[in-house]
Amino acid sequence: MPELPEVEAYRRQAESVLGLSITGVDAPDAWYLKGGIDAAEVDAALVGRRFDAARRRGKMLLLDTRRGPTLGLRFGMTGRLVVDGVPGVDRLIYSSDRDRPEWNRFAVSFPVGRSLVVRDPRRLGGVYLDPDEARLGPDALSLTLAQLRHALAGSEAPLKARLMDQARIAGVGNLIADEALWRAGLDPARPAGSLTDAETRRLARVLRRTLDDLLADGGSHTGDLMVARTPGGRCPKDGAPLVRRTIGGRTTWSCPRHQR
DNA sequence: ATTGTGGCCTGCCCGC
DNA sequence: TGCGGGCAGGCCACAA
């Protein structure tokens, strides 16, 4: 699914349309427009302008227009960005690799047939105008130790739930949370506030390293734990049978032996 | 405020 | 072979 690494790939791809004049907007799916906006409003807000920056905060892609509104794109679990007909990510786990026109939920067109399209079979993503960026916490990729401490401090919620809370840390999804906690040797169910200082430091370091690795390897599904995230799966580190639980409302795989 | 739960979206996979 | 149920998870609304 698109977590931070996928959306970062989308962001880089979107940079190729910066500076082009927006000639049209196609928003055939009203459900996909969020925050009470409609197709006419998006059209009026964008046509005639140009994007001049492609930013990312967590899992949201932000396209700023020059002296105008910002377009926010969320991809949910199954959304792809398709720029000039080329998908930004080859393989998307839990989505479909097929290409059906009716899955194009939102499109921006530029001269000479160029385009930026959100293709999302399951319609879990959405399009925003001037999204409230303050609702997202600091980006996971540039998270400092102090920010991680602040995000976890004093909380009785499960560690994993806190990591995935986009208002506190933006960009960590289910697969990356499992991978990072597995690498860090921390039990996802532990109260977030129960980490010692050494454990918090370790988690900050491992989370950063995990994101770097997944960015380099091309996606959130390329983690080392991923191969074992299946019934009967064993820990790639020590061979113990993995445990499958629901934590923070999400399917969670962890190793009972080395994750404490 | 904090934490947990249920529902939404729909393609896909498994078992009958 | 077709069909139906369950599953996937990001996000939001809502409840306690």
Side-chain angles (χ1 to χ4, degrees), chain A residues 1-8 10 27-37 56-62 72-81 87 89 91-106 118-128 131-137 139-140 150-181 188-194 214 219-221 223 225-233 242 244-254:
Chain A
M1 74 225 56
E3 293 192 39
L4 188 154
E6 284 79 10
V7 180
E8 177 59 21
Y10 296 161
D29 186 351
W31 162 264
Y32 218 70
L33 302 178
K34 307 298 185 183
I37 56 176
R56 181 190 56 73
R57 181 144 172 180
K59 305 173 200 172
M60 182 171 270
L61 179 60
L62 297 155
L73 301 178
R74 265 203 316 103
F75 298 92
M77 164 170 126
T78 56
R80 289 169 197 269
L81 190 69
V89 168
R91 177 171 166 263
L92 213 50
I93 192 169
Y94 303 130
S95 188
S96 170
D97 291 329
R98 287 187 296 149
D99 171 14
R100 294 173 52 178
E102 64 265 35
W103 291 344
N104 292 346
R105 309 298 179 186
F106 183 77
V118 179
R119 181 181 299 157
D120 183 0
R122 297 186 204 178
R123 303 169 80 206
L124 287 162
V127 171
Y128 299 76
D132 183 3
E133 298 177 38
R135 291 181 54 184
L136 295 171
D139 189 76
H150 185 250
L152 303 181
S155 173
E156 288 295 318
L159 175 56
K160 180 181 175 184
R162 203 75 172 184
L163 283 181
M164 291 194 302
D165 182 344
Q166 302 300 301
R168 302 184 187 278
I169 300 172
V172 178
N174 198 42
L175 297 181
I176 290 178
D178 274 7
E179 176 77 18
L181 292 172
R190 270 183 57 182
S194 74
L214 299 186
S220 54
H221 62 278
L225 178 63
M226 198 62 214
V227 292
R229 236 172 156 277
T230 172
L242 293 178
R244 179 190 189 276
R245 290 174 286 181
T246 298
I247 298 175
R250 296 286 154 250
T251 301
T252 300
W253 293 86
S254 62

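Please read these numbers as outputs of a predicted model, since none were measured by experiment. Below, chains carry the letters A, B, ... as their sequence lines are ordered, and counting in each starts from 1.
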Quiz item: Quick one: on DNA chain B, does A:R168 or A:G249 contact a more 5' nucleotide (nearest heavy atom)?
Solution: A:R168
Quiz item: Over how many whole Å does the gap from A:K160 atom NZ to C:dG9 atom P extend?
Solution: 8 Å
Quiz prompt | Check: A:R74 side chain, C:dG10 base, donor-acceptor under 3.5 Å | solution = no
Quiz prompt | Spacing between A:L175 atom CG and C:dC7 atom P, to the nearest angstrom | solution = 18 Å
Quiz prompt | 5' priority, DNA chain C, between A:Y128 and A:R244 [closest heavy atom] | solution = A:R244
Practice problem: Grab the two heavy atoms, one from A:I247 and one from A:P188, that are nearest each other, plus how far apart they are. | Solution: CD1-CB, 3.9 Å
Exercise. With the side chain of A:R135 defined as its heavy atoms from C-beta on, choose the nearest nucleotide among B:dG11, C:dG9, C:dC12.
Key: C:dC12
Quiz item: Passes side-chain contact (heavy atoms from CB on, under 4.5 Å), A:D120 versus A:D29? Steps please.
Solution: CA-CA 11 Å; A:D120 183 0; A:D29 186 351; over 6 Å; no
Quiz prompt | Out of C:dG10, B:dG11, B:dG4, whichever nucleotide has its closest atom nearest the side chain of A:A157 | solution = B:dG4
Quiz item: Looking only at side-chain N and O atoms, does A:T78 come under 4.0 Å of OP1 or OP2 in B:dG11?
Solution: no
Quiz item: Given atom CG of A:L73 and atom P of C:dG10, what is their separation to the nearest angstrom?
Solution: 18 Å
Quiz item: Has A:W103 got a side-chain N or O lying under 4.0 Å from the OP1 or OP2 atom of B:dG11?
Solution: yes
Self-check item: For atom CE of A:M226 and atom C1' of C:dG9, their distance in whole Å
Solution: 12 Å
Exercise. Just compare C:dG10, B:dG4, B:dT3 and give me whichever is closest to any side-chain atom of A:S155.
Key: B:dT3
Exercise. Whole angstrom is fine here: how far is it from CG in A:L136 over to P in C:dC12?
Key: 9 Å
Quiz item: What's the shortest heavy-atom distance between A:F75 and A:L61, and which atoms?
Solution: CE1-CB, 4.0 Å
Practice problem: Measure the distance from CZ on A:R245 to C1' on B:dG4 and round it to the nearest whole Å. | Solution: 16 Å
Self-check item: Nearest-Å distance for atom pair CG/P, residues A:D165 and C:dC11
Solution: 11 Å
Self-check item: Identified side chain to side chain donor-acceptor pair (under 3.5 Å) counterpart of A:D139 within the set A:K59, A:R56, A:R57
Solution: A:R56
Quiz item: Which is true for A:R105 with a 4.0 Å heavy-atom rule: it touches a base, it touches only sugar-phosphate, or it touches nothing?
Solution: nothing
Exercise. Give the minimum heavy-atom separation between A:L73 and A:V127, together with the two atoms involved.
Key: CD2-CG2, 3.7 Å
Self-check item: C:dC11 OP1/OP2 closer than 4.0 Å to side-chain N/O of A:K59
Solution: yes
Quiz item: Which nucleotide in the list C:dC11, C:dG9, B:dC9 gets nearest to the side chain of A:M77?
Solution: C:dG9
Practice problem: State which of C:dA8, B:dC8, B:dG7 makes the closest approach to the side chain of A:L124. | Solution: B:dC8
Exercise. Return the value, rounded to whole Å, for the distance between atom CG of A:D178 and atom P of C:dA8.
Key: 12 Å
Quiz item: Among A:E3, A:R250, A:K160, which residue meets the side chain to side chain donor-acceptor pair (under 3.5 Å) test with A:N174?
Solution: A:K160
Practice problem: Answer with base, sugar-phosphate or nothing: what part of the nucleic acid does A:R123 contact at a heavy-atom distance below 4.0 Å? | Solution: sugar-phosphate
Self-check item: Selected nucleotide, minimal atom distance to A:Q166 side chain, candidates C:dC11, C:dG9, B:dG11
Solution: C:dC11
Quiz prompt | Out of C:dG9, B:dG4, B:dG11, whichever nucleotide has its closest atom nearest the side chain of A:R122 | solution = B:dG11
Practice problem: Considering just the side-chain nitrogens and oxygens of A:R250, establish if one lies under 4.0 Å of OP1 or OP2 belonging to B:dT5. | Solution: no
